[in-house]
Each structure stands twice: as C-alpha cells, then as structure tokens.
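First up is the structure itself, then whatever we jot down about it.
Just so we're on the same page: letters track the sequence lines, and every chain starts at 1.
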Protein chains: 2
Amino acid sequence: MRIPEKRRIDIRNLIQQEKTVSVEKIAKLFNISPITVRRDLEKLQDRGLISKVHGGAIVRDSLAPEPVFKERINLYRDEKNRIAAEAAKRINDGDSIIIESGSTCQGLVKNLINKNKLKIATAGISVAGELLNLLNIKNDFEISVCGGILRAGSSIYVGPHAVSFFNSINVDKSFIGAVAISVAKGLSTATQFDAELSKAIINSGREVILLADSSKFETQSYINFMPLTQIDEIITDKALDIKIVEKIKKSGVKLTLV
Amino acid sequence: MRIPEKRRIDIRNLIQQEKTVSVEKIAKLFNISPITVRRDLEKLQDRGLISKVHGGAIVRDSLAPEPVFKERINLYRDEKNRIAAEAAKRINDGDSIIIESGSTCQGLVKNLINKNKLKIATAGISVAGELLNLLNIKNDFEISVCGGILRAGSSIYVGPHAVSFFNSINVDKSFIGAVAISVAKGLSTATQFDAELSKAIINSGREVILLADSSKFETQSYINFMPLTQIDEIITDKALDIKIVEKIKKSGVKLTLV
DNA sequence: TCAGGAATTCTCATTTAATTTCAATATAAA
DNA sequence: TTTATATTGAAATTAAATGAGAATTCCTGA
C-alpha cells in the first residue's frame with residue numbers, strides 16, 4: 001500500500017539531508033515516474049518546505065535572502081531549546097557523555113555551562129566548534145572529537161575511523177538526534193554512513209536519550225538502523241500527536257514532553 | 001545529472017572563499033563554457049550575492065554568512081602565500097598528503113583547487129574547515145581528519161587517538177609547519193602533545209616538506225622532537241639570513257626560497 | 001588618446017527538463 | 001456497489017539551459 005503523503009515527507013527529509021537531490025534520483029529511489037516526483041516537489045514547495053529548481057530540488061534556505069534564513073532557524077527554535085534544557089538536567093557533574101550532531105543536540109552544549117568535570121565526545125563538526133568555545137571557560141572539561149572522513153555538505157565525520165572511535169569508548173549517557181523516527185520501524189537515516197555512526201554512538205552509551213522535536217515522528221528515511229526499544233528516553237515537545245504518545249508509551253520507552 | 005542551481009551555490013561559495021575568481025577558472029573547475037559562467041554570475045549578482053566584474057567576480061561582503069571556522073590573523077601574509085603556492089607545486093594529481101595545522105599550511109589548501117583526486121589528512125581544526133568548503137567543489141577529494149582531544153585555544157586535535165590515526169596511515173607527502181626551527185637542535189614545540197603529533201605526521205610521509213616563513217628560523221621552543229635531517233625540503237621566504245641558508249645547505253636538506 | 005587584444009554581450013540553434021493536457025487507475029466516501 | 005476524488009503516467013507543448021559565432025565593449029600599454 002502506497003501512501004503518497006508519507007512519500008512526500010520522506011522526500012522532504014531526503015532533501016533536508018542531502019541538500020540537493022535530482023528528480024531522476026528521487027524517481028529511482030521511490031520507484032515513481034519523474035512527473036510524479038515533480039508534482040510532489042511542487043506540493044512541498046507550496047508548503048514552503050523546499051525549493052524546486054531546474055533538475056531537482058534543494059533545501060529551502062541554501063540561497064535564500066537573509067530574512068528567510070533567519071526565520072527558518074527560528075522554526076522549532078523554542079521547542080529545541082526546551083528539549084535541550086530538559087536534556088541537560090540528565091547530566092551530572094563528572095559524567096561522560098556523547099553528543100551527536102544536529103541542531104537540538106547542539107543546543108544542549110549551551111546548557112552545559114553550569115556543569116563540572118564533564119567528559120564529552122562528539123562526531124559533529126559544529127558541535128565540536130561550540131565545545132571548543134566552551135572549553136575556554138570550562139577548562140575542567142575533556143572534549144574528544146571522533147575524526148574520520150568529511151562528506152560535502154555534511155556536518156559530521158563518518159567512516160570506519162569514526163565508528164571505531166565510538167566503539168572504543170563507553171559513556172554514561174549518549175544524547176542522540178534523529179532524522180526520522182517511526183514507532184514501528186525505529187530510527188532511520190538517509191545513508192549507511194550515518195546509520196553506522198549512530199549505531200556506534202547508541203551502543204557506547206549506558207543510557208541513550210533521544211532529542212527530537214515533534215515534527216520528526218512517524219516519518220521514515222532510507223535505512224532503518226535501530227528499533228526504538230534501544231532508546232531509554234525520548235525528550236520531545238508537547239505538540240506530539242496523542243496517538244503517537246500512546247504508541248510510544250506502550251512500547252515501554254520513557255517519554256518526556258516539554 | 002546536473003543541477004544548475006546547485007552549481008550556482010557552489011560558485012558563490014567558491015567566490016566567498018577565494019574573494020576573487022576569474023570566469024576562466026570557474027569554467028574549468030565546473031566543466032562549463034565561459035558564457036554559462038557569465039550567466040550564472042549574472043543570476044547571482046541579481047540576487048545580490050556577488051559582484052560581477054570584468055574578468056570574473058568578487059565577494060559582496062556586507063551580508064556574508066560567517067565561515068564555520070574563524071580565519072586567523074595573518075602576519076607575513078605575502079610570504080606565507082608565496083610559500084604555500086610553491087608547496088602546491090610539489091603535489092600531483094592522485095597524491096595522498098598530510099597537511100599540518102598552522103597558517104602557512106592552511107594557505108596551502110587554497111592552492112589545491114586545480115588538483116584532482118587528492119587524499120588529504122589533517123589534524124588542524126581550521127584546515128579541516130577550509131577543506132570542508134573545498135569539498136563542495138572538488139568532490140573527488142577524500143578528506144580525513146584525525147580526531148582526538150581538544151585543548152583550549154588550540155587549533156589541533158591531540159592525544160593518543162590523534163597520534164594513532166597518523167601512525168595508521170602512509171602518504172606521499174607530509175606538509176608541516178613549525179613553531180621553532182634550529183639547524184643544530186631541529187624542530188621544537190611548546191608541549192609534548194604537539195611534539196608527539198608532529199612526530200607522527202613526519203613519520204607518515206614518504207617525503208616531508210617544511211613550510212615556514214623566515215622568522216621561525218634559529219629559534220627554539222620547549223621540546224626538541226626532531227632533527228632537521230628528517231626533513232626532505234624546506235620552503236621559506238627570501239628574507240632568510242644568508243648564514244642560516246648556508247648552514248641548512250651544509251646539513252644536506254634541500255632549501256627553496258620564494 | 002588610440003590601437004590591439006581580451007572579455008563580454010547578443011543572437012541563434014540544440015539539447016534537456018518542466019508543464020500541460022488527457023486518459024487510466026486507485027482510493028475514499030456515499 | 002456506485003460515485004467522487006486523488007493519484008499516476010504518457011504524449012505533446014513549452015520553457016530552461018547551454019554553447020557557438022558575430023558584434024560590441026572594456027582594458028592595457030604605447
């Protein structure tokens with residue numbers, strides 16, 4: 001059974017992740033004709049979610065004038081901040097933690113200023129930059145970055161080196177973001193690289209806490225890499241659909257709405 | 001599949017990075033005709049993103065988005081640029097190289113745009129940022145970053161993880177910078193961490209090329225970690241004292257003045 | 001200031017992608 | 001089941017992108 005609307009959401013997620021995707025590629029991936037792809041893209045554009053361009057589509061803010069860009073950042077900003085602030089409460093002085101990449105996780109860094117003697121590891125390039133700033137103030141932090149291979153447009157290090165880094169460490173808590181979350185199918189990402197890395201990060205944490213705003217739920221990307229039951233706690237915003245809330249609660253995963 | 005809009009974004013990023021780019025250069029890099037380049041530049045200019053000038057285009061800085069990593073202030077800028085340009089001549093298409101951190105080495109990155117299929121590794125945080133920008137245009141590059149521990153105020157990753165990364169790779173050429181160079185005592189650094197890392201990088205290169213402006217010579221820092229004879233070639237500027245020149249030549253290390 | 005050369009613009013032909021129109025199919029509602 | 005609505009894809013039309021060559025403008029050095 002095909003659900004066009006679900007496919008559109010997945011297409012949007014793909015574009016968000018890859019920044020630029022051709023019509024041809026989408027058609028092949030979803031097994032639909034180019035004309036249907038174009039119609040999907042048009043619908044997504046009408047909703048302001050992407051920009052349709054000749055040959056495919058790009059993320060909405062990549063070449064947009066300044067004000068639009070700022071607006072986009074403010075989208076879900078409050079939610080992300082509340083989620084990050086709640087997540088920070090789970091961290092005790094002296095903890096060792098992993099912070100994944102993504103804007104919500106990056107927000108968590110700003111909430112660490114009152115903590116002491118943390119050991120923090122990350123694969124996120126901008127998270128690392130943020131942590132480097134923090135280090136000038138909190139010099140009792142030990143900050144590690146995984147290293148690995150850079151991908152164009154990506155904000156994380158990937159590859160076997162990155163994965164083996166996380167395989168070689170154990171931390172009290174892993175804070176992960178997510179591109180797409182489905183109660184039935186678990187977490188999914190656009191590429192195998194991202195999946196491998198997230199898996200390694202999840203396996204390194206004695207406790208795994210997922211940070212995601214409510215828009216990420218009941219969507220899917222390409223590679224399902226982890227059932228939701230591997231997660232210990234999900235922190236999201238109150239806008240989450242009540243049906244999804246119940247499904248998550250039934251699955252046994254602790255859910256916190258802020 | 002070509003997406004013209006994606007190419008325009010890349011062109012704009014290139015102009016942001018290089019400040020000035022010629023039509024000819026863009027045409028060659030993106031494999032398009034000069035007339036198409038001009039049409040792209042006109043579109044970008046209409047959006048207020050760049051300024052088209054005779055021969056190419058220049059940045060329009062007023063609303064420029066901030067780079068991921070801050071550029072460092074440049075003393076000896078001309079000298080460093082000449083040294084970096086000369087160093088780039090040592091690199092052939094398909095080479096694997098290591099680029100150490102430091103402003104001279106960072107300048108080398110800007111000179112890689114006409115190379116192809118390079119494998120590049122680095123420990124430098126700003127070098128990595130610069131390479132990430134480059135990757136959007138040169139997607140046949142494979143860029144690895146070592147990872148490791150961050151230190152406040154430092155621009156490299158250090159620690160056993162960083163050292164073991166370089167111990168596990170072999171490259172055609174290592175380009176290293178230097179804090180202090182003495183013909184008699186060799187290279188020295190301020191901390192044991194930096195020394196260990198530089199040692200690993202030097203040992204990983206079949207050929208080791210030292211880039212340093214003339215102010216670095218006949219100075220010493222805290223830890224001597226490597227005799228000068230381990231270096232294959234030194235590239236520096238013409239202001240280097242003639243006595244030092246002779247001493248280096250006598251030591252058997254190839255010296256190039258630019 | 002002027003000439004020669006380079007860069008740019010203009011016009012046109014070709015290729016490729018996007019849109020429109022129409023018919024068929026699937027899904028949802030009565 | 002029947003009807004209405006949405007989705008899909010094929011074919012034809014329209015639009016966009018590209019590059020070549022001629023005409024024009026800009027730049028540089030005498």
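- Mapping B:Arg39 and B:Glu24 onto DNA chain C via the closest heavy atom, the residue that lands nearer the 5' end is B:Glu24.
- Look at CD1 on A:Ile32: it is 7 Å from P on D:dG9, rounded to the nearest Å.
- As a whole-Å value, the separation of B:Ile11 CD1 from D:dA17 P is 13 Å.
- Between B:Arg8 and D:dA16, a side-chain N or O to OP1/OP2 separation shorter than 4.0 Å is absent.
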Worksheet item: side-chain contact (heavy atoms from CB on, under 4.5 Å) between B:Ile26 and B:Leu41: does it pass, once the steps are laid out?
Response: CA-CA 10 Å; B:Ile26 296 170; B:Leu41 294 178; 4.2 Å; yes
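- Per the geometry, CG belonging to A:Asp40 stands 13 Å off P belonging to C:dT19, to the nearest Å.
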Fill in: Candidate pair A:Ile202 and A:Met226, rule side-chain contact (heavy atoms from CB on, under 4.5 Å), full reasoning
CA-CA 9 Å; A:Ile202 289 171; A:Met226 188 69 70; 3.9 Å; yes
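- One atom, CD1 of B:Ile3, and another, P of D:dA17, lie 12 Å apart when rounded to the nearest Å.
- Atoms NE2 (A:His54) and P (D:dA17) sit 6 Å apart, rounded to a whole Å.
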Item to complete: Assess whether side-chain contact (heavy atoms from CB on, under 4.5 Å) is satisfied between B:Ile3 and A:His54, documenting all intermediate values.
Response: CA-CA 6 Å; B:Ile3 297 176; A:His54 196 98; over 6 Å; no
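- Partner B:Glu18 forms a salt bridge (charged side-chain N to carboxylate O under 4.0 Å, His left out) with one of B:Lys25, B:Lys110, B:Arg12 and no other, that one being B:Lys25.
- The phosphate of D:dA17 has neither OP1 nor OP2 within less than 4.0 Å of any side-chain N or O from B:Thr36.
- B:Val53 comes within contact range of the sugar-phosphate backbone alone, with a heavy-atom separation under 4.0 Å but no base atom that close.
- One can place NZ of B:Lys43 at 15 Å from C1' of C:dT9, the figure rounded to the nearest angstrom.
- Protein atom CD of B:Glu5 is 16 Å distant from nucleotide atom P of C:dA17, rounded to whole Å.
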Item to complete: Step by step, work out the side-chain contact (heavy atoms from CB on, under 4.5 Å) result for B:Phe175 and B:Ile120.
Response: CA-CA 11 Å; B:Phe175 294 88; B:Ile120 309 170; over 6 Å; no
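- Between A:Lys52 and the phosphate of C:dT19, there is a side-chain N or O to OP1/OP2 separation shorter than 4.0 Å.
- Between the CD1 atom of A:Ile35 and the P atom of C:dA24 there is a distance of 18 Å, rounded to whole Å.
- Not a single donor-acceptor contact under 3.5 angstrom links the side-chain atoms of B:Arg38 to the base of D:dG19.
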